[in-house]
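See structure below.
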Amino acid sequence: MTLAELYAHYKNPLNARQKQLIAEAFEFAKAAHAGQKRKTGEDYFEHSVETAAILAEIGMRSRTTAAALLHDVPEDTKFTLEDIRQKFGNETAELVDGITKLGKFKLRGDKKEVQLENLRKIFLAMAEDIRVVLIKLADRLHNMRTLHALPPEKQERIARETMEIYAPIANRLGIGEIKGELEDLAFKYLDPENYKLAKGLLDKEYKERKNDLEVAIEELREELKKNNIKVIEIHGRAKQTYRFFLKLKKHDMNVDQVYDVVAVRIVVPDIPDCYEALGIVHKKYRPLIGRIKDYISLPKPNGYRSIHTTVFGPKGKFLEIQIRTPRMHDEAEFGIAAHWIYSGPKTWRDYFLRRYTPEEIPEEELAWVKQLREWQKDLGTDNLEFVQGLKIDFFQNHIFAFTPKGDIIDLPEDATPIDFAYAVHTEIGNRMIGAKVDGKLVSLDSKIRNGQVVEILTSKDAKTPNQDWLRIAKTSNAKSKIRQQLRRAGITIGAI
Ligand code: MN
C-alpha cells in the first residue's frame, strides 16, 4: 500500500500536520522493515500499513495510526524504542511500548469462563491506554486475515486466543465491525466443518432472500418518502457466519427459526425519526408480536443502540428491520472508536468492567459517553489532560509480569522476583536460586515493572528459602509461604 492509498482509508479528514506525522512514520517504518518478509511472502511493512489502515477506517487519527505503523519496529528491527522516542516523541513511543508489552500476552491451556474474564480485564488494564488496545485489535485482525500462512498448531492457538480474548474485548468496546470479522476468521480455523456448513447455509439463504430484500428496500424507501422521513441510508445486511451458527445451534439447526438471517437497515437523521419510521414500517408490514426490541431507550451493555423489529415482509416472509441514526450506526460498527469521530474518548473502565447491569444503564446513553461530551466542551483534542484521561487507573497499584511462557502474574507495585516465584508456585519459590528479568540476571530484591518477563532459576538441591527473603518480599502470600517452609525445616525465625 502506498502512502496516498493509506490516506484514502481515513474516516476523518486529515490536516497538513497530521499528514506529515503519518508520512514520517510511514517512511521510518518502511525503511526499518526493509528486506523483511512475512510468512505470506509479502513485505513485512505491508502488515504495519494494513494495521494502520484498519484503524483509520474506524475513525482513529494520526497519532494512533502513526504508532500502528511503528508497532513492530522495536521488536523486529534494529531500531529501538528510544529511536522512536527521539524521532516521534514520548506519546508515540509510549503507545508503541504498550503494544510491545501486550504482544507478550499468550493464552495457553483451557481456561474457565471466570479465568477468561480475568484475562480480558488484565489485558485491558495492562494496556494502560485505550488506544493501545485498539492498535492491538487491528494488529490481530490483520494477523487473522493472513493466518493461512502459519503452521496448523500456531493457527489453532492464535484463533483460540482471538475467539476467547480479542473478539470479546472488541465487543466490550462496541466495535462490532472488528468483533464480527475476528469471530468469523477464528471460527473458520477452530471448527472448519461447522464453518463450512454455516457459510453454505447462509449463502444459500441470502441468495434466496436477495430478491425479497430488494423489494422490501424499495417499498420501504417509497413509504418513508411519502411520510416525509428523510432516509440517509437503507441497505440489506447478511448475518455474520459465527453469529448465525450460534443461533442455528440454539434452534436445533433449523434455518427457518432464525429470523434475522437477512435484515434491512434504515438510517434516519434523529431519534424521533427512528420511532416514526418504526410506525411506518409496521403500517406497511405486519409486525411479529414480541419481536420489537427498543435498544434506543434500553441500550445493550456494550452501548449498542437501534430499534429492531421482525415483520412479515414481501410474500409474507419474516424480515428483520433495524432502525438507527447515523451516529448509532457508527457506534455500532466502531464502538469506542466512534467517540474519536463524535467527541473524543474519556472514562470507559466502568463500561469494560461491566459494572452496569442492563437495568442500570442510564436511559439515554452510557455514563461514560456523557462524561466524554462534557470533557469535549472544555478540552482541545491535543490537550495533555485529554491524553491522560485515556489512561486506566483502575489497576493503578498492580503490575502484570509474564512467565517465559507468556502466563500473566498479577502482583502489587514494588513486587520482587521472590513474590513472583511464590505467585507462580510454592515449590518454585522454595527452590529459587536466582532470577532473570527480560533475559538479564537481577538481584532478588529488584523491583519488577509492568510487562516484564520474569524467569525464576531453581535448583533441585535448594529446599529452604533464605530468612532474608521475609524482609524483601512484598506480598503476604510469599511471606507466609516462606515462614511455613522455614518452620518445616526447623529453622527458628529471627526477629525481623
Ligand atoms: Mn504486528
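Heavy-atom basis, side chains included; hydrogens, waters and symmetry copies ignored. Just so you know, ligand 1 is whichever comes first in the structure, and atom 1 is the first atom listed for that ligand.
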Next on the checklist: Can you tell me which N/O/S atom of D139 has the shortest distance to the Mn ion (ligand 1)?
Outcome noted: OD1
Checklist entry - Under 4.0 Å between a Lys/Arg side-chain N and an Asp/Glu carboxylate O for E42 and K37? => result no
Checklist entry - Within H142, is some N, O or S atom less than 2.8 Å away from the Mn ion (ligand 1)? => result no
Checklist entry - About how large, to 10 degrees, is the angle OD2 of D72, then the Mn ion (ligand 1), then NE2 of H71? => result 80°
Checklist entry - Quick one: do R140 and E181 make a salt bridge, cutoff under 4.0 Å? => result no
Item to check | Of all pairs that satisfy salt bridge (Lys or Arg N to Asp or Glu O under 4.0 Å), the ones with a partner from residues 79-90, not counting sequence neighbours | outcome: E82-R85, R85-E94
Next on the checklist: By the side chain to side chain donor-acceptor pair (under 3.5 Å) test, which pairs, at least two apart or in different chains, include something from residues 146-156?
Outcome noted: R38-T146
